[in-house]
Amino acid sequence: MRSPFFALLFVLAASIPWLAAQVPSQHPRVPAATLTVDAHQPGAAINPAMWGVFFEDINFAADGGLWAELVKNRSFEFPHRLQGWFEVRRKNARGTLTIHEDSPAIPENPHYLRITSQAPGEGYGVGNEGFRGMGIRAGEGLRFSFWARRGPDASVALRVALRGAENRLLTEGSIQVDKTAWTPYSLTLNPTLTDPGSRLELTLEHPGQVDLDAVSLMPTTATHGFRPDLMGLLRDLKPGFVRFPGGCVVEGHDLANRYQWKRTLGPADARRPMPNRWLDNMAGEGRFAPDYQQSFQLGFFEFFQLCADLGAEPLPVLSCGMACQFESGEMVPAESLDPFIQDALDLIEFANGAPDSPWGKVRAHMGHAAPFGLKFLAVGNEQWGPEYLDRFQRFEKAIRARYPQIQIIGSSGPWSGGADFDTLWAGMRELRADLVDEHYYAPPGWFLANAHRYDHYPRSGPKVFAGEYAAHPERPAPGTPRPNTWEAAMAEAAFMTGLERNADVVRLASYAPLLANVDAWQWSPNLIWFDSLQAAPTPSYWVQQTFSRNRASRILPVQLAIPPSATATAALYASAAVDDATGEVVLKVVNAARRPADLDLRIQGVQGLGGTARKTVLSAGLADENSLGAPPKATPVTSDVSVPGPAFSQTFPPYSLTVLRLSMKRAHP
Ligand code: AHR
């Protein structure tokens, strides 16, 4: 069991004369509570990568989200080959759109589109609707590219146009398709107008025939393929790690639908799409998304690249041969598990192997000769039962034997407690998991009540990966998303003080899910909502960002003493840590009550504390949310406060998260 030295103690104290001495006479109110931070002997090191993100292709987070591609079904490989495409038949035009697969441009994705214009009139061809409309910005260049070959007629002129509301032309260009062999073509478009719901149109202006495949429209601002505004928000989170690719998509509805990392590699045009596990809206909420496929344009290479771009540790989750146990529950027979284990070993080599190793070579060919430095690997997502423990054991043995430095993460199932949870935890201890993945989606009250969940966790054995969590308020009405309220975010903040206080046990934590398209979501709440042009970071985003940007190095014990008269109304949560890099005590306090909380702060074991402290406060009304295009409500406000010494008073606003960064010299180094 844990040492009492690190425990958060609620001490019911009688009035303390010393407090009165600290209160300036012009504010004759006695602080309600005392918060003591013991900086004599900092405790365990906090994992610098502790606060991470969970990325799953849910809510159109990848295609139609972080992946900046604007064309949907770009290779005509969706089960409905023309899904996302529509015929453009202008005045006096006549022609046909047909799908073929003979002598394809890309054998792995054989279907392609033939446009035959018999009478072009004012234009005959095809259009693409994008992912609930294409977001086009004036001044943001777009690279249009495709494979094509002309028919038997002479060279074919293909007109490329982007049109917005009321058929407004945003930009246009023309390409001469002059080869009868498949050839890549490209063109840069420079829109002069902005429109959130645009469409792409490709038309022939003369009679003729052209075959098209792998059509793409990418903003030139999308470095490595990532949508810049969403990428900016992720960067600002400074995530310590990225969990990928989920979530349920790891497991799939059945095994055929599981995430297979190897089919996401190689040339983007040759990656075969697959129905997204969230296509059928299986969580029973959200927008109907019959067009939800995984294109794997954001595949495993791009995931590692994303981590490199964000300076985050990659944390892949792999199938353990068990499909979602809430759905088909399909399991690969134990005697056929080896290829799944081999996939895990190969992934480690893909990430970390020398450029001349078999999988390291694949990585190097894709453009990254240097290893990606993979340290973690999770086996299965929300798995449970004896079959899982058997499988985990086989993965663990094989990975440990070949790659002893990799930290292996096991599942504790989808529940935050109960018999299955306990059995899995016992199993993970026995099977030597490095970390155990815990998930909790629960009402805000659960997060407040569980702010001390880890205070009494065993200090030995596997550590905790809080791999998916979010406070879930009630939906206002059936069919509407659960709101991302400040109440939910504040409850998460209170809970996160508990994670930080117990950072010797909780090594990694990620809110889930990360991204959601307002027009194509399946799950709520989410950390960042977006449409085709804008993004709205939620109050929970600002909480995550505030914790992540105020991470520190080592835990400091904190002790809250609340006078008996205030215990019924006080709702205080706190953590403290020392930042070795800056020599600051970093204090996080959540006041979840509707009244301001006066706290007397005592920082013990420091010399020379005083001067100016940096204070960051987030506070809002419990029901406040952020929405697209509206000024954000719960955002951090930073100011400097004067700190007279190691003992001082502070008032913490109602419904708030406050971070204080206090400069210090420790008394006893
Ligand atoms: O985060 C959404 C889903 O919740 C994940 O896919 C799954 O792991 C969990 O049940």
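In listed order, ligands and their atoms are each counted from 1. Computation of the quantities below employed the complete heavy-atom set of this structure, encompassing side-chain atoms and omitting hydrogens, waters and symmetry-equivalent molecules.
- Using cut-offs of 30° and 60° for the angle between ring planes, the Tyr259 and Phe244 rings count as perpendicular.
- Using the six-membered ring where Trp is involved, Trp521 and Trp529 have ring planes that are perpendicular, over 60° apart on the 30 and 60° scheme.
- In terms of the salt bridge (Lys or Arg N to Asp or Glu O under 4.0 Å) criterion, residue partners of Arg394 (sequence neighbours excluded) are, by chain and number, Asp338.
- Residues lining ligand 1 at a heavy-atom distance below 4.0 Å are given as Phe54, Glu56, Gly247, Cys248, Trp278, Asn381, Glu382, Tyr441, Glu468, Pro513, Trp523, ordered by chain and residue number.
- Counting only N and O atoms by type, the side chains of Gln297 and Arg74 include a donor and acceptor under 3.5 Å apart.
- Ring geometry for Phe226 versus His224: interplanar angle over 60°, hence perpendicular rather than tilted (30 to 60°).
- In this structure, Trp523 and Trp278 have perpendicular ring planes: the angle between them is above 60°, well past the 30° mark.
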